[in-house]
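Notes to accompany the following structure.
All residue numbers in this chain count up from 1 along the given sequence.
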Amino acid sequence: MLDELVGAYPNYNEEEEERRYYRRKRLGVVKNVLAASTGGTLTYGVYLGLLQMQLILHYDETYREVKYGNMGLPDIDSKMLMGINVTPIAALLYTPVLIRFFGTKWMMFLAVGIYALFVSTNYWERYYTLVPSAVALGMAIVPLWASMGNYITRMSQKYYEYSHYKEQDEQGPQQRPPRGSHAPYLLVFQAIFYSFFHLSFACAQLPMVYFLNHYLYDLNHTLFNVKSCGTKSYGILNGFNKTVLRTLPRSRNLIVVESVLMAVAFLAMLLVLGLCGAAYRPTEEIDLRSVGWGNIFQLPFKHVRDFRLRHLVPFFIYSGFEVLFACTGFTLGYGVCSMGLERLAYLLIAYSLGASAASVLGLLGLWLPRSVPLVAGAGLHLLLTLSLFFWAPAPRVLQHSWIFYFVAALWGVGSALNKTGLSTLLGILYEDKERQDFIFTIYHWWQAVAIFVVYLGSSLPMKAKLAVLLVTLVAAATSYLWMENKLQQGLVPRQPRIPKPQHKVRGYRYLEEDNSDESDVEGEQGQGDCAEEEAPQAGPLGAEPAGPCRRPCPYEQALGGDGPEEQ
């Protein structure tokens, strides 16, 4: 009877249990990707939807005078936009430090929480609530999307490990997988992530469609003084009517809408907190922090030595330009200028659905060269930009409105190929887990710089904006193809060396015989020294060796000593 209770299970199949275990691990990775993608979509959708609704309400003269009197809402809005667009310029100085300090998952959770804080401040719209929360939001933009890109890349690497666990067992835990082995999974996960992410632009229009559109004047009122649109326009909707609201929304209705947005932001926080697993093992997190905070601060700048990053910088900048041009330049300067403010939401929905559906085209990289999606997206945007140069739609004309939706959807296709291709390319070029957070920080920092430049040049004529966009696009595509040509010629990039972890006060796991953090040379030296001392130190069975080869106890390590003091 006792043997039946404590003995081995008679039908136990170790290989089958191992297979089930790693299948659960793979499903956990897929769950992490879906949770991160959904959380990012909800967060960005709530942020864009609230900001869009807020700016439209504050633009209306009657709304400002009746609701807020002489509080100076336009000045507060300009300061708020400045905080959102200017603060990320300093993100390169602190983003890697924050990601290493908090960890990738907790950095995502903290940044999503800051987005939720920005939403909550709109319950009480004052200078001392809106502007500080906008500055905090600007500080969280680059850390959020850098940690998101790093997280998706790490999930693809973990999925490869769990799919090829037998090969990992044969090679040993310290052996790195073959270069490029995780690329197919990375392509799939990035396609999933951007399919979800681009839906955030459609989610952001729900407050407009179901709430604000019922209060807007039609195009004959809002566009009465608009004389030119498209390539002939300058600034942002020059001549647009100062009153766009037919009736003012009740404060109770606004509170209901903001409460729904706050609930969605809180849901995004719970998704990241409860469903996203860790990107690294605890020991890996310790090792990533232990290279020294000074080195962590410097390494993003040292990666400028790598010619691959230098060649991709124009593409990073263009990636920021084209998204903001789609959301402001095209939708306002072409769509709203011709069809009215009430169709702004539907234009952005067309862009969103086109980009979300086209993100699946990133899977073409499974069969085609990796340069095809990026070059195809750049070529599509080149054709559209050249067409926009010669297109000046007439104001208040709706006969050819389908063209606007078609162009918005096509621009979304190009955006999807751009974003999916760039993130996948970075994950393939930089496989080392020790440098991925630096690379994605550099990528999203350059995007933030581009968005800041667009913010500064918002009053330029449309032809100047299109010219800058066109020059940046041509430079980006040329520079990228030049980089691929260098790699095909066998030119080896110069990467900065990642310092080895330096553990000053080591925890319990470093007392084990298997120290996963020591290098091979250190291990061989330690074994050699112990081997030489082992013979003369042999004593009674079970006695602890008394020589200097004995591992110091935790108390001695805390004091900084290497062992017992010499008598």
Side-chain angles (χ1 to χ4, degrees), residues 29 31-44 46-47 84 87-119 133 135-158 189-190 193 196-197 200 265-293 295-300 303 423 426-427 430 432-448 498:
V29 170
K31 177 261 298 177
N32 292 341
V33 172
L34 292 177
S37 304
T38 307
T41 301
L42 295 178
T43 301
Y44 205 61
V46 166
Y47 158 68
I84 294 173
T87 312
I89 300 300
L92 194 63
L93 302 177
Y94 60 80
T95 297
V97 176
L98 288 180
I99 293 177
R100 292 288 173 102
F101 182 79
F102 290 108
T104 304
K105 174 197 169 174
W106 292 104
M107 187 68 251
M108 290 163 51
F109 174 71
L110 179 64
V112 171
I114 294 176
Y115 273 76
L117 171 69
F118 175 77
V119 177
S133 66
V135 172
L137 177 68
M139 292 183 65
I141 289 174
V142 175
L144 173 62
W145 301 113
S147 55
M148 279 279 187
N150 185 19
Y151 190 81
I152 300 298
T153 305
R154 280 295 298 150
M155 288 302 108
S156 67
Q157 293 176 333
K158 296 181 83 168
F189 288 170
Q190 291 289 0
F193 175 75
F196 276 81
F197 171 74
S200 63
F266 189 67
L267 175 62
M269 290 179 63
L270 293 180
L271 280 174
V272 174
L273 177 63
L275 296 183
C276 289
Y280 299 93
R281 301 181 184 93
T283 54
E284 293 174 331
E285 294 274 10
I286 295 172
D287 291 346
L288 291 175
R289 295 190 195 105
S290 300
V291 300
W293 297 110
N295 291 321
I296 293 172
F297 176 81
Q298 296 173 27
L299 278 167
H303 275 85
S423 297
L426 291 177
Y430 299 93
D432 300 336
K433 61 188 178 186
E434 297 87 0
R435 62 179 84 242
Q436 285 171 356
D437 50 349
F438 301 128
I439 300 304
F440 281 100
T441 296
I442 294 169
Y443 168 36
H444 290 285
W445 181 75
W446 277 111
Q447 272 193 332
I498 304 292

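Ring pair Tyr115/Phe118: centre-to-centre distance not below 6.0 Å.
Put simply, the side chain of Arg289 gets close to the backbone of Arg100: a donor and an acceptor are under 3.5 Å apart. A donor-acceptor distance shorter than 3.5 angstrom exists from the side chain of Ser147 to the backbone of Leu144, with no hydrogens or angles considered. Of the possible donor and acceptor atoms, one in the side chain of Ser156 sits under 3.5 Å from a partner among the backbone N and O of Thr153.
Separation of atoms CD (Gln157) and NZ (Lys433) is listed at 8.5 Å; rounding is to 0.5 Å. Note: Leu98 CG to Asp437 CG = 11.5 Å, rounded to the nearest 0.5 Å. Rounding to the nearest 0.5 angstrom, the gap separating the OG atom in Ser423 from the CD1 atom in Ile439 is 12.5 Å. Distance check: Arg281 CZ to Lys158 NZ gives 6.5 Å after rounding to the nearest 0.5 Å. Expressed to the nearest 0.5 Å, how far CG of Leu117 lies from CE of Met269 amounts to 9.5 Å. Atom OH in Tyr280 sits 7.5 Å away from atom CD in Glu285 (nearest 0.5 Å).
Ile99 places a side-chain heavy atom less than 4.5 Å from the side chain of Thr441. Considering only heavy atoms from C-beta on, Phe266 stays 4.5 Å or farther from Val119 through its side chain. Between Val112 and Leu42, every side-chain heavy-atom pair lies at or beyond the 4.5 Å cut-off. A 4.5 Å side-chain heavy-atom check between Leu299 and Arg435 finds every atom pair outside the cut-off. Considering only heavy atoms from C-beta on, Tyr94 comes within 4.5 Å of Pro143 through its side chain.
Here the rule is ring-ring contact (aromatic ring centres under 6.0 Å, His included) with Trp145, and of Trp445, Phe440, Tyr443, Phe197 only Phe197 fits it.
Shown here for Leu275 and Ala35, the closest heavy-atom pair between the two residues is CB-CB, 3.6 Å. The two residues Leu271 and Gly39 make their nearest non-hydrogen contact at CD1-N, 4.2 Å. Scanning both residues, Ile442 and Pro300, for their nearest heavy atoms gives CD1-O, 3.5 Å. Ala448 and Val142 make their closest contact through CB-CG2, 4.0 Å (heavy atoms, listed as atom of the first residue, atom of the second, distance). What you find for Ala91 and Pro96 is that their closest heavy atoms are O-CD, 4.4 Å. In terms of heavy atoms, Ala146 sits closest to Thr95 at CB-CG2, 4.3 Å.
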(request) Please test Leu93 against Phe297 for side chain to side chain contact (heavy atoms under 4.5 Å, CB included), starting from the C-alpha separation and ending with a verdict. (result) CA-CA 7 Å; Leu93 302 177; Phe297 176 81; 4.0 Å; yes
Check residues 101-109 and write down every donor-acceptor pair under 3.5 Å in which the side-chain atom is one partner and the other belongs to a residue at least two apart or another chain.
residue	atom	partner	partner atom	Å
Thr104	OG1	Asn150	ND2	3.4
Lys105	NZ	Leu273	O	3.0
Lys105	NZ	Cys276	O	3.1

